[in-house]
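This structure is a prediction, so every number in the text was calculated from the model and none was measured. The sequence lines fix the lettering, A, B, ..., with proteins before strands; numbering per chain opens at 1. Side chains are part of it too, since the values below use all heavy atoms of this structure and drop only hydrogens, waters and symmetry mates.
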Protein chains: 2
Amino acid sequence: MERQTPQRDAIRSLFTPDGDPLSPQELLEQASRDVPKLSIATVYRTIRSLEELGEIVPVELPGEPARYELAGKDHHHHFVCESCGRVFDVDACPGNLANMTPDGFKLTRHDITLYGLCGQCA
Amino acid sequence: MERQTPQRDAIRSLFTPDGDPLSPQELLEQASRDVPKLSIATVYRTIRSLEELGEIVPVELPGEPARYELAGKDHHHHFVCESCGRVFDVDACPGNLANMTPDGFKLTRHDITLYGLCGQCA
DNA sequence: ATGGGTGCAAATTGTTTGCATTTTA
DNA sequence: TAAAATGCAAACAATTTGCACCCAT
């Protein structure tokens, strides 16, 4: 089983139900406040562990390193602010995209990323 | 200006109107048939040059390195086969996604990636 | 001949891994 | 005190860059 350690707890606590997806670097910076000499290797190992346990899921955005967020959220997508770079959850979804799928292809899932300006930057 | 060289020509000729997006590694492999000791650095430099000239555009898919395709195609999206890994152009688009956009945010563009099985793998 | 292009190797960035050392249970 | 977790540095993969050399113009 997974042991409880200050490092793991600090990283784990950064994932909140309404938090936006976090990158490994952001996790390192923020968790380092609690555990000063936290290493990036531990961040990556903890990410993988939490992912395998099904507690968090990766958020892969085009052209940038993966971020992670709490698992179990309803189906949703993401909005990337082209000004400040922050990533926001978007609950809406256009729904069935089967009509976009080429003939003979089988659709299993889809990713949608919106780009523009967030409320603060707009 | 850009000079005409065997390397550049070999890489440039791999971009065709109906071709699917190509990764730097694929460009290296395929162009190497014409120019045996082509280096990966030249591939990347040529990609950047063609991109700055507006001849090609990057195709950024979630979680994998960028690919490139001819510029000037109509607005479209991509389908990634989860079995063979190939990437296909998809001409359809659900259209207006403004209704997905959070209040106060300004939408400028969007990316949609479909996942599933291609015609051959299905 | 001269300035841009190329190859090769070294540098960068993001991520993973080996290993000796802590730490939790 | 034994198994698991951590830190550090080395290893990797993708991409970029420095530099000496080469080739279009």
Margin query: Counting distance alone, no hydrogens or angles: does the base of D:dA3 have a donor or acceptor under 3.5 Å from a partner atom on the side chain of A:Arg3?
Written below: yes
Margin query: Is it the case that C:dG4 (base atoms only) and B:Arg45 (side chain only) share a donor and an acceptor within less than 3.5 Å, ignoring hydrogens and angles?
Written below: no
Note to self: By nearest atom, which of the nucleotides D:dA5, C:dT24, D:dT15 is closest to the A:Pro6 side chain?
What the structure shows: C:dT24
Notebook entry, point to check: Which nucleotide in the list D:dT6, C:dT6, D:dT15 gets nearest to the side chain of A:Thr42?
Noted result: D:dT6
Next item on the list: Write down the distance between CG (A:Asp9) and C1' (D:dT6), rounded to a whole number of angstrom.
Entry: 14 Å
Check: For residues A:Glu82 and B:Thr108, is any side-chain donor paired with an opposing acceptor at under 3.5 Å?
Finding: yes
Margin query: Using a 6.0 Å cut-off, check whether atom CD of A:Gln120 has over 12 heavy atoms from anything other than its own residue.
Written below: no
Next item on the list: Go through D:dT16, C:dT17, D:dT17 for me and flag the one nearest to the B:Tyr44 side chain.
Entry: D:dT16
Note to self: So, OP1 or OP2 of D:dT17: does either fall under 4.0 Å of a side-chain N or O from B:Arg48?
What the structure shows: yes
Margin query: Given D:dT15, C:dT6, D:dG7, identify the nucleotide with an atom nearest to the side chain of B:Thr46.
Written below: C:dT6
Check: What integer distance in Å separates A:Tyr68:OH from C:dG14:C1'?
Finding: 11 Å
Item checked: Closest listed nucleotide, where the reference is the side chain of B:Pro65 and the choices are C:dT6, D:dG7, D:dA14 -> D:dA14
Checklist line | Heavy-atom donor-acceptor pair, A:His76 side chain to A:Asp89 backbone, under 3.5 Å | finding: no
Notebook entry, point to check: Do the side-chain N or O atoms of B:Thr5 get closer than 4.0 angstrom to the phosphate oxygens (OP1, OP2) of C:dG4?
Noted result: no
Margin query: What contact category does B:Leu38 fall into here, base, sugar-phosphate, or nothing, at under 4.0 angstrom with non-hydrogen atoms?
Written below: sugar-phosphate
Notebook entry, point to check: Across the strands shown, which category fits A:Gln4 at heavy-atom distances under 4.0 angstrom: base, sugar-phosphate, nothing?
Noted result: sugar-phosphate
Checklist line | Considering all heavy atoms, the nearest B:Arg8-B:Ser49 contact | finding: NH1-OG, 3.0 Å
Margin query: Side chain of A:Ala41, heavy atoms from C-beta onward: which of D:dC8, D:dT17, D:dT6 has the nearest atom to it?
Written below: D:dC8
Next item on the list: Taking only the side-chain heavy atoms of A:Gln7 (C-beta and beyond), determine which of C:dG7, D:dT6, C:dG5 contains the nearest atom.
Entry: D:dT6
